[in-house]
Protein chains: 2
Amino acid sequence: MIKKQVKTRNTIQRIKIMKYLKSVKTHPTAEMVYNAVVKEIPSITLATVYRNLHNLANKGKILMFEFNKEYHFDGDTCNHQHCICKKCGKITDVFQEEISKYALSKLRADNFDAKCVTIIFNGFCRKCSGV
Amino acid sequence: MIKKQVKTRNTIQRIKIMKYLKSVKTHPTAEMVYNAVVKEIPSITLATVYRNLHNLANKGKILMFEFNKEYHFDGDTCNHQHCICKKCGKITDVFQEEISKYALSKLRADNFDAKCVTIIFNGFCRKCSGV
DNA sequence: ACTTTAATGATAATGATTATTAATTAGTAA
DNA sequence: TTACTAATTAATAATCATTATCATTAAAGT
Ligand SMILES: [Mn+2]
Ligand SMILES: [Mn+2]
Ligand SMILES: [Zn+2]
Ligand SMILES: [Zn+2]
């Protein structure tokens, strides 16, 4: 029988990772986070970064989504949406709560208890749509 | 300089893969597609299945999305949305075009030319929400 | 200071996907 | 029908993001 962990610790690793995510407006991969944090904690490993990112995501402190076979993390947990360029992969934020609200309120799915919506606009960023 | 391929061939492998995806209402992974198709074409390999799935997705004949570190494929290219259970991972369809329409019409993102929206409802399926 | 156990660092392992390449074959034109 | 060309295949090796393992370290409560 496995007893689920209840206490978490505020290690400097976790704190730095969190701080970094809160400081940027991008949606970095685990490796990108590692590259930023390793400058402050040279001994940190990629595995530790992964461990903490999952930890934070499970606790709802950060967001996590998959794109191009990689996890991307988001320090902003406010209700918002994303645009992803089909060509260059650039990810940008959209803050239009009404869109998510509408989707959730209109959904009629008897056999599903929806907690939130993930909304991703697929298309082309300014730079790529000009080509 | 690489010249992009212009002609595609209707191999029995591609045809069977397509037929299979059109015949189911699930959202199988490449391996699941392989397991189904290999019954009819014993010599087919997983790599061929991957190649064709990407091919079909690029041509817009099928949909493709990532979930749990795996690609999932959808033979139904109609405008529709999905529900994914956070616990068991079950994926189900929602056919409410108005939700996607609303999202696309309301989006105001100057630097982005949106072509379509991916809408995923996250929550719990009947079976898992009862627990 | 002492204890408990979550977390780390180092490293090996995993597994889905992709790359390579010689052989095959769909599509087309003679 | 036959021949030609390039797309596609089967077999296989390689890639690489992510996880697992485990001995050691260090939060946090007493
Ligand atoms: Mn964001
Ligand atoms: Mn579907
Ligand atoms: Zn772009
Ligand atoms: Zn479920």
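Lettering of chains follows the sequences in order, A, B, ..., and the numbering in each one begins at 1. Just so you know, these numbers use all the heavy atoms, side chains as well, and skip hydrogens, waters and symmetry mates.
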Participant: Using OP1 and OP2 only, check whether a side-chain N or O of B:Gln13 sits under 4.0 Å from C:dT25.
Facilitator: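 B:Gln13 to C:dT25 OP1/OP2: no side-chain N or O under 4.0 Å.
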Participant: On a plain distance test, is the side chain of B:Arg9 in donor-acceptor contact with the base of C:dT25 below 3.5 Å?
Facilitator: yes
Participant: Report the nucleotide, chosen from D:dA17, C:dA26, C:dT18, that has the shortest atom-to-atom distance to any side-chain atom of B:Thr11.
Facilitator: C:dA26
Participant: Answer with base, sugar-phosphate or nothing: what part of the nucleic acid does A:Thr29 contact at a heavy-atom distance below 4.0 Å?
Facilitator: nothing
Participant: Parallel, tilted or perpendicular for A:His80 and A:His27, by the 30°/60° rule?
Facilitator: tilted
Participant: Indicate yes or no for a side-chain donor-acceptor contact from A:His54 to the backbone of A:Asn52 under 3.5 Å, with no hydrogens or angles considered.
Facilitator: no
Participant: Closest approach to the side chain of A:Ala47, judged atom by atom: which nucleotide of D:dT8, C:dT11, D:dT18 is it?
Facilitator: C:dT11
Participant: Rounded to whole angstrom units, what separation is found between the CD1 atom of B:Ile15 and the P atom of C:dT25?
Facilitator: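 It is 14 Å, rounded to the nearest whole Å.
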Participant: Look at the side chain of A:Thr48 and decide which nucleotide, out of D:dA10, D:dT19, C:dT8, has an atom nearest to it.
Facilitator: C:dT8
Participant: Rounded to whole Å, please give me the gap between CE in B:Met32 and P in C:dA16.
Facilitator: 11 Å
Participant: Using the side-chain heavy atoms of A:Asn55, tell me which of these nucleotides is nearest: C:dA7, D:dA10, D:dT18.
Facilitator: C:dA7
Participant: Would you kindly confirm whether B:Ile17 and B:Tyr34 end up in one hydrophobic cluster when ILVMFWY residues are joined by side chain heavy atoms under 4.5 Å apart?
Facilitator: yes
Participant: Rounded to whole Å, how long is the line connecting atom CG of A:Asn52 with atom P of C:dG9?
Facilitator: 9 Å
Participant: Determine: side-chain N/O of B:Asn10 to OP1/OP2 of C:dG27, distance under 4.0 Å, yes or no.
Facilitator: yes
Participant: Find the distance B:Tyr34:OH to D:dT9:P and express it as a whole number of Å.
Facilitator: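 Rounded to whole Å, this separation is 14 Å.
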Participant: Let me confirm one number: the SG-CG distance from A:Cys116 to A:Leu104, rounded to the nearest 0.5 Å.
Facilitator: 7.5 Å
Participant: In whole Å, what is the span from the CZ atom of B:Phe67 to the P atom of C:dA16?
Facilitator: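 Going from B:Phe67 (CZ) to C:dA16 (P), I get 14 Å.
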Participant: Determine, for B:Tyr71 and A:Lys69, whether the Lys NZ or Arg CZ falls below 6.0 Å from the six-membered ring centre while staying within 45 degrees of the axis.
Facilitator: yes
Participant: So, B:Asp113 and B:Lys115, do they make that salt bridge, N to O below 4.0 Å?
Facilitator: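 Salt bridge flag = yes for B:Lys115 with B:Asp113.
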Participant: Please confirm whether the shortest side-chain N or O distance from B:Ser43 to OP1 or OP2 of D:dA10 is below 4.0 Å.
Facilitator: yes
Participant: Rounded to whole Å, how long is the line connecting atom CZ of A:Phe65 with atom C1' of D:dA17?
Facilitator: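 Result: 16 Å.
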Participant: Any N or O donor-acceptor pair under 3.5 Å from the base of D:dA7 to the side chain of B:Arg51?
Facilitator: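 Side chain to base: no pair below 3.5 Å.
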Participant: Rounded to whole Å, how long is the line connecting atom CG of B:Leu46 with atom P of D:dT15?
Facilitator: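 That distance rounds to 19 Å.
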Participant: Does A:Ile41 or A:Lys69 map to a spot on DNA chain C nearer the 5' end, using the closest nucleotide for each?
Facilitator: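 In this pair, the answer is A:Ile41.
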Participant: Whole angstrom is fine here: how far is it from NZ in B:Lys16 over to P in D:dA10?
Facilitator: 14 Å
Participant: Side chain of A:Tyr71, heavy atoms from C-beta onward: which of D:dA11, C:dA10, D:dT18 has the nearest atom to it?
Facilitator: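 Side chain of A:Tyr71 sits closest to D:dT18.
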Participant: Can you figure out which of C:dA19, D:dA17, D:dA10 approaches the side chain of A:Glu31 most closely?
Facilitator: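 Output: D:dA17.
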Participant: Within the pair A:His54 and D:dT18, is there a side-chain N or O less than 4.0 Å away from OP1 or OP2?
Facilitator: no
Participant: Look at the side chain of B:Lys7 and decide which nucleotide, out of C:dT8, D:dA7, D:dA10, has an atom nearest to it.
Facilitator: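 Out of C:dT8, D:dA7, D:dA10, the nucleotide with an atom closest to B:Lys7's side chain is D:dA7.
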